[in-house]
Amino acid sequence: MIAWDGPAGRVLPVVTAPAPVLSAVGAEVDPCSPEIVQLAADLVATMRVSPGCVGLAAPQVGVGAQVFCVDVTGHPKASTTHGVFVLCNAKVIEASRWKAGREGCMSVPDLTGDVKRAGRVVVSATLPGSGEPVTVTTDAFEARALQHEIDHCAGKLFLDRVAGAHAVYQRKVYL
Amino acid sequence: MHELAITVIGPDRPGIVADVSEALAAVGANLTDSTMTRLRGHFTMTLICTGPSPAEAEAAIGTLSGVVTQVRQVSPETYASSGEPYVVSVHGADRLGIVAAVTRVVAAAGGNITDLSTRLAGTLYVLVAEIDLPPAAADELAEQLAVAGAELGVEVTLRRAEPEIL
Ligand SMILES: [Zn+2]
């Protein structure tokens with residue numbers, strides 16, 4: 001029901017920290033505007049061509065807006081999944097079952113970190129195109145992905161939430 | 001019984017931790033607290049041990065090739081850190097003086113840094129520090145860190161550390 005069913009998008013370059021747009025609070029958007037529908041499509045297109053990418057937020061393509069896409073389909077840590085979807089102006093309205101886990105981010109390509117996230121969340125948002133309000137209830141890895149992307153829309157990176165001085169890791173490079 | 005502080009630094013290679021700890025065990029050194037990590041490919045180990053005299057320990061690890069070692073006798077713990085545990089994250093474009101500026105602000109608030117690590121990844125500089133803060137000092141420190149962060153052009157977050165007790 002919330003699955004993305006919009007036009008084809010363009011693949012955009014992904015910006016990396018320390019780009020200021022990643023640390024700015026994204027603007028609330030009009031989900032029905034053509035620009036936001038195009039942005040949603042572009043986020044999905046960019047996520048799809050990026051190996052291992054399970055979510056992408058507008059600030060990561062240089063746009064300070066509260067829009068992101070998620071797709072954790074087939075991920076081994078996922079339980080509940082909603083396929084490919086895009087949310088606008090999303091807010092976490094319930095969070096429980098806090099649990100630490102290792103996170104990476106396309107905008108911080110060289111590092112990973114241990115971050116405590118809720119293992120179950122309820123998120124309210126609107127869908128791009130229709131502007132229909134939705135409530136997404138999910139858990140496990142999809143819940144983690146939603147919190148990571150909602151953080152992006154608020155100008156936060158996983159680095160702002162790492163558990164401690166020894167919870168940031170150099171991403172291993174396998175040759 | 002001597003209490004010794006020992007540092008070992010050198011190019012990393014497989015087996016170096018085993019070599020250091022074997023050499024110390026051979027002279028009866030009992031490792032208490034220790035930490036080992038790689039900093040940009042350099043092996044670094046810092047440890048406290050009890051047992052041998054400084055001369056015995058020096059002789060034991062002084063023969064390890066390719067590493068710089070230092071042995072120093074220390075007295076038992078003198079400063080017991082107390083307070084409320086917080087975590088500070090800093091990230092932004094690399095520039096001179098980030099660590100100095102941020103840690104000075106923490107010190108001025110009466111905070112004691114109990115653990116700190118920094119990473120340079122490309123042009124991104126990341127600092128994460130664990131600190132103990134005097135009661136009710138957090139709000140003011142958060143404001144001062146925001147000012148320092150704005151001056152440095154970096155993002156600073158201060159948040160309460162929550163221990164996982166299971
Ligand atoms: Zn991310």
Side-chain angles (χ1 to χ4, degrees), chain A residues 13-26 57 59-60 64 95-119 147-148 150-173 175, chain B residues 12 34-42 44 46 85-95 98-99 102-103 106 111-132 142 145-146 149-150 152-166:
Chain A
V14 174
V15 301
T16 56
V21 66
L22 293 170
S23 296
V25 177
Q60 295 182 274
S96 58
R97 300 185 202 159
W98 295 84
K99 200 179 163 213
R102 187 79 56 95
E103 279 180 26
C105 178
M106 278 185 80
S107 296
V108 188
D110 300 322
L111 303 172
T112 61
D114 293 330
V115 181
K116 205 168 169 188
R117 301 280 191 192
Q147 290 164 85
H148 181 110
I150 290 170
D151 268 0
H152 272 304
C153 294
K156 293 282 175 206
L157 298 175
F158 74 85
L159 297 170
D160 297 303
R161 295 195 189 274
V162 289
H166 299 285
V168 176
Y169 310 88
Q170 209 89 42
R171 181 165 261 177
K172 301 279 189 287
V173 180
L175 297 174
Chain B
D12 191 32
S34 68
T35 173
M36 180 261 142
T37 192
R38 295 184 345 142
L39 302 175
R40 286 202 119 59
H42 302 276
T44 66
T46 308
Y86 281 80
V87 179
V88 180
S89 288
V90 179
H91 58 89
D94 183 33
R95 56 167 285 179
I98 294 175
V99 182
V102 170
T103 57
V106 171
N112 187 39
I113 295 172
T114 57
D115 231 320
L116 178 145
S117 72
T118 66
R119 291 277 182 194
L120 177 62
T123 60
L124 174 66
Y125 195 78
V126 179
L127 176 160
V128 185
E130 294 170 33
I131 62 179
D132 283 343
L145 285 171
L152 293 161
V154 298
E155 301 303 314
V156 186
T157 319
L158 175 72
R159 59 206 180 279
R160 180 88 198 218
E162 293 155 51
E164 303 271 10
I165 299 164
L166 300 171

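Residue numbers start from 1 in every chain, and the chains themselves are labelled A, B, ... in the order their sequence lines are given, proteins ahead of strands.
- For chain A, the option among B:Val88, B:Val154, B:Asp115, B:Val87 with the highest count of heavy-atom pairs below 4.5 Å is B:Asp115.
- For the pair B:Arg159 (side chain) and A:Asp160 (backbone), a donor-acceptor distance under 3.5 Å is present.
- Within a 6.0 Å radius of CZ in B:Arg38, no more than 12 heavy atoms belonging to other residues, nucleotides or ligands are found.
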For A:Lys156 and B:Thr157, run side chain to side chain contact (heavy atoms under 4.5 Å, CB included): C-alpha distance rounded to whole Å, both residues' side-chain angles, the deciding distance at 0.1 Å, then the answer. CA-CA 10 Å; A:Lys156 293 282 175 206; B:Thr157 319; 4.2 Å; yes
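- Contacts between residues 14-26 of chain A and chain B, counted as heavy-atom pairs separated by less than 4.5 Å, involve A:Ala17, A:Pro18, A:Ser23.
- Heavy atoms of A:Leu111 lying under 4.5 Å from chain B belong exclusively to its side chain.
- Judged by distance alone, the side chain of B:Ser117 and the main-chain N or O of A:Ala165 form a donor-acceptor pair under 3.5 Å.
- Minimum interatomic distance between A:Gln170 and B:Ala121 (heavy atoms only, all atoms of both residues): NE2-CB, 4.4 Å.
- When heavy atoms are compared at a cutoff of 4.5 Å, B:Ala161 does not approach chain A at all.
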Starting from the C-alpha separation in whole Å, work towards a yes-or-no answer on side chain to side chain contact (heavy atoms under 4.5 Å, CB included) for A:Leu159 and B:Leu124. CA-CA 11 Å; A:Leu159 297 170; B:Leu124 174 66; 4.2 Å; yes
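- At a 4.5 Å heavy-atom cutoff, the contact between B:Leu120 and chain A is made by backbone atoms alone.
- One distance of note links CD of B:Glu155 with CG of A:Leu157; it measures 8.0 Å at 0.5 Å rounding.
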